[in-house]
Amino acid sequence: MDLLNNNYSTATVKTGLVLEGGGLRGMFTNGILDVFHRNGITFDGLVGVSAGVLFGCNFKSHQPGRAFRYNLKYKDDPQYMSWASWRKTGDFVNTDFSYRVLPRFLDPFDFEAYRKNPMKFYAVCTDIEEGRPVYHEIPDADGDGLTWMRASSSMPIFANPVKIGYHTYLDGGITDSIPLKFMQNEGYAKNIVILTQPKDFRKKKAHLWLILRLLLRKYPKVADMMAIRHIMYNEQLDYIESEEKKGNILVICPDNKLDIGRLNLDEHKMRSVYEAGVKKAAEVLPQVKAFLNRERG
């Protein structure tokens with residue numbers, strides 16, 4: 001694999017990277033981002049949802065391999081992700097371990113490199129009282145930055161809502177799973193979209209009665225959004241397909257359904273999904289370079 005130092009972002013057209021979530025399916029995204037980094041692929045802006053935020057932040061901090069490394073190392077540690085943590089704290093992904101101990105002591109996140117990287121970084125969260133998506137730019141991952149990242153990836157039932165200021169948030173995928181339109185509205189005319197489902201995937205209506213009943217008690221608007229999420233998601237896929245046909249975007253996705261669940265920490269599966277991302281990135285690298293260098297119009 002070529003390790004290049006060239007910068008493939010254009011100066012004339014703002015380039016964007018859109019990262020879908022999907023829990024541990026994000027290992028596919030992680031593999032792609034690591035190849036991008038090692039080949040000097042850069043963007044003017046990145047928007048992530050849920051796992052897309054947690055893996056994308058390492059792209060901005062110039063730390064390829066970090067997310068793959070710490071997930072493998074701490075996969076069996078109940079302090080990281082576990083049902084024991086969920087029963088004790090209400091968070092399957094333990095907040096203190098994952099957002100304080102891990103990035104500051106065990107596998108340090110490079111906050112300074114993140115801050116100095118000029119690429120803008122946005123996280124999508126869901127305001128659970130208003131039932132709408134919120135797009136927050138995170139120029140500094142320290143302090144509230146990590147809190148916004150946690151909010152974006154806090155799945156209903158498996159995580160506590162995150163209070164920031166006067167608002168309360170959960171996973172951004174509830175209200176905007178693939179925020180391509182957001183990036184376009186922000187002026188990013190040339191976008192690469194990384195999906196964690198294959199191209200022919202369409203979401204079916206989920207049987208979420210227990211979850212909806214629990215959500216309805218406190219957050220009826222979130223329950224309403226969850227009930228129609230499959231419609232929103234499939235409409236986004238239709239829009240992505242139309243934009244791809246126009247040549248406005250480049251879509252990268254797995255060839256087949258990834259054999260891993262959202263919260264599955266099986267080492268063999270994580271390695272397989274990560275390597276699928278590395279392989280796919282190597283395959284499409286010439287297209288990526290050509291797309292980013294192509295003049296618009």
Side-chain angles (χ1 to χ4, degrees), residues 19 21-27 29-30 48-61 63 65-115 121-129 134 136-174 211 214-215 218-219 222 260-267 270:
L19 305 181
L24 270 299
R25 292 202 312 270
M27 278 290 165
T29 304
N30 190 28
V49 181
S50 194
V53 169
L54 299 183
F55 293 129
C57 66
N58 297 289
F59 184 66
K60 181 171 168 64
S61 68
Q63 292 178 282
R66 177 177 178 269
F68 184 56
R69 179 176 63 244
Y70 73 67
N71 273 285
L72 288 184
K73 184 172 183 178
Y74 297 105
K75 62 181 177 59
D76 297 321
D77 190 331
Q79 297 180 88
Y80 177 35
M81 295 170 62
S82 68
W83 293 110
S85 173
W86 182 73
R87 287 190 296 269
K88 183 178 180 180
T89 68
D91 291 302
F92 186 86
V93 179
N94 186 275
T95 297
D96 184 62
F97 184 87
S98 300
Y99 297 97
R100 184 183 68 85
V101 177
L102 180 61
R104 298 188 184 281
F105 305 107
L106 299 181
D107 197 325
F109 183 77
D110 195 333
F111 292 98
E112 184 176 2
Y114 177 99
R115 204 161 35 239
F121 189 91
Y122 306 91
V124 186
C125 303
T126 295
D127 185 316
I128 59 178
E129 285 143 344
V134 171
H136 185 79
E137 183 184 355
I138 306 176
D140 189 344
D142 211 350
D144 282 350
L146 285 178
T147 305
W148 279 103
M149 292 181 191
R150 176 164 65 93
S152 179
S153 57
S154 293
M155 292 186 288
I157 306 304
F158 297 102
N160 292 302
V162 178
K163 187 84 172 178
I164 304 176
Y166 296 104
H167 294 265
T168 310
Y169 303 96
L170 276 173
D171 195 303
I174 299 169
I211 293 177
L214 291 170
L215 288 173
K218 285 189 175 182
Y219 309 110
V222 174
I260 194 168
R262 285 178 175 271
L263 302 176
N264 191 316
L265 288 166
D266 178 88
E267 179 172 349
M270 284 196 288

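- Summarising the geometry of Val162 relative to Ser154, their closest heavy-atom pair is CG2-OG, 3.6 Å, with the distance given to 0.1 Å.
- The main-chain N or O of Ala141 is never found under 3.5 Å from a side-chain atom of Trp148 such that the two would form a donor-acceptor pair.
- With values rounded to the nearest 0.5 angstrom, Leu24 atom CG is found 6.0 Å from Phe55 atom CZ.
- Looking only at side-chain heavy atoms (C-beta outward), Leu102 and Tyr74 come within less than 4.5 Å of each other.
- A distance of 6.0 Å or more separates the ring centres of Phe59 and Phe121.
- The CZ atom of Arg25 sits 12.0 Å away from the CG atom of Asn264 when rounded to the nearest 0.5 Å.
- The shortest heavy-atom contact between Met270 and Asn71 is CE-O, 3.9 Å.
- Side chain of Glu267 to backbone of Lys75: no donor-acceptor contact under 3.5 angstrom is found.
- The backbone N or O of Arg150 lies less than 3.5 Å from a partner atom in the side chain of Ser153, making a donor-acceptor pair.
- Smallest separation of non-hydrogen atoms from Val49 and Gly172: CG1-C, 3.7 Å.
- Contact annotation: the side chain of Leu106 approaches that of Val101 to within less than 4.5 Å [non-hydrogen atoms, C-beta and beyond].
- Heavy atoms of other residues, nucleotides or ligands lying less than 6.0 angstrom from CD of Glu137 number more than 12.
- Looking only at distances, a side-chain donor or acceptor of Ser85 sits under 3.5 Å from a matching main-chain atom of Asp91.
- For Lys163, the NZ atom sits in a packed shell: over 12 heavy atoms of surrounding residues, nucleotides or ligands are nearer than 6.0 Å.
- Taking the six-membered ring where the residue is Trp, Phe92 and Phe158 present perpendicular rings, their angle passing 60° and hence far from 30°.
- Without hydrogens or angle criteria, Asn30 side chain to Gly26 main chain gives no donor-acceptor distance under 3.5 Å.
- Using a 4.0 Å cut-off between charged nitrogen and carboxylate oxygen, Arg69 and Asp107 count as a salt-bridge pair.
- At distances below 3.5 Å, at least one donor-acceptor pair connects side-chain atoms of Gln63 with backbone N or O atoms of Asp110.
- Between Phe105 and Arg100 the shortest heavy-atom distance is CE1-NH1, 3.8 Å.
- In this structure, Phe109 and Leu146 have side chains that are not in contact, with every pair of non-hydrogen atoms separated by 4.5 Å or more.
- Arg104 has its side chain within reach of Asp142: a pair of non-hydrogen atoms, C-beta onward, lies under 4.5 Å apart.
- The side-chain heavy atoms of Val124 and Val134, taken from C-beta on, include no pair separated by under 4.5 Å.
- Taking 4.5 Å as the limit, some side-chain heavy atom of Leu265 sits within range of a side-chain heavy atom of Met81.
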| said: Pair Ile128, Tyr169 - check side chain to side chain contact (heavy atoms under 4.5 Å, CB included), show working. | reply: CA-CA 5 Å; Ile128 59 178; Tyr169 303 96; 5.8 Å; no
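- Nearest approach of Ser98 to Val93, heavy atoms of both residues: OG-CG1, 3.3 Å.
- For the pair Cys125 and His136, the minimum side-chain heavy-atom distance is 4.5 Å or more.
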| query | side chain to side chain contact (heavy atoms under 4.5 Å, CB included) between Thr89 and Asn94: does it pass, once the steps are laid out? | reply | CA-CA 8 Å; Thr89 68; Asn94 186 275; 4.1 Å; yes
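- In terms of modelled atom types and a separation under 3.5 Å, the side chain of Asp144 and the main chain of Thr147 share no donor-acceptor contact.
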| Test side chain to side chain contact (heavy atoms under 4.5 Å, CB included) applied to Arg66 and Asn58, step by step | CA-CA 7 Å; Arg66 177 177 178 269; Asn58 297 289; 2.8 Å; yes
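- Looking at heavy atoms from C-beta onward, Met155 lies out of side-chain contact with Leu170 at the 4.5 angstrom threshold.
- Here the side chain of Ser50 pairs no donor or acceptor atom with the backbone of Asp171 at under 3.5 angstrom.
- The minimum heavy-atom distance between Met149 and Cys57, with the atom names listed, is CE-CB, 3.7 Å.
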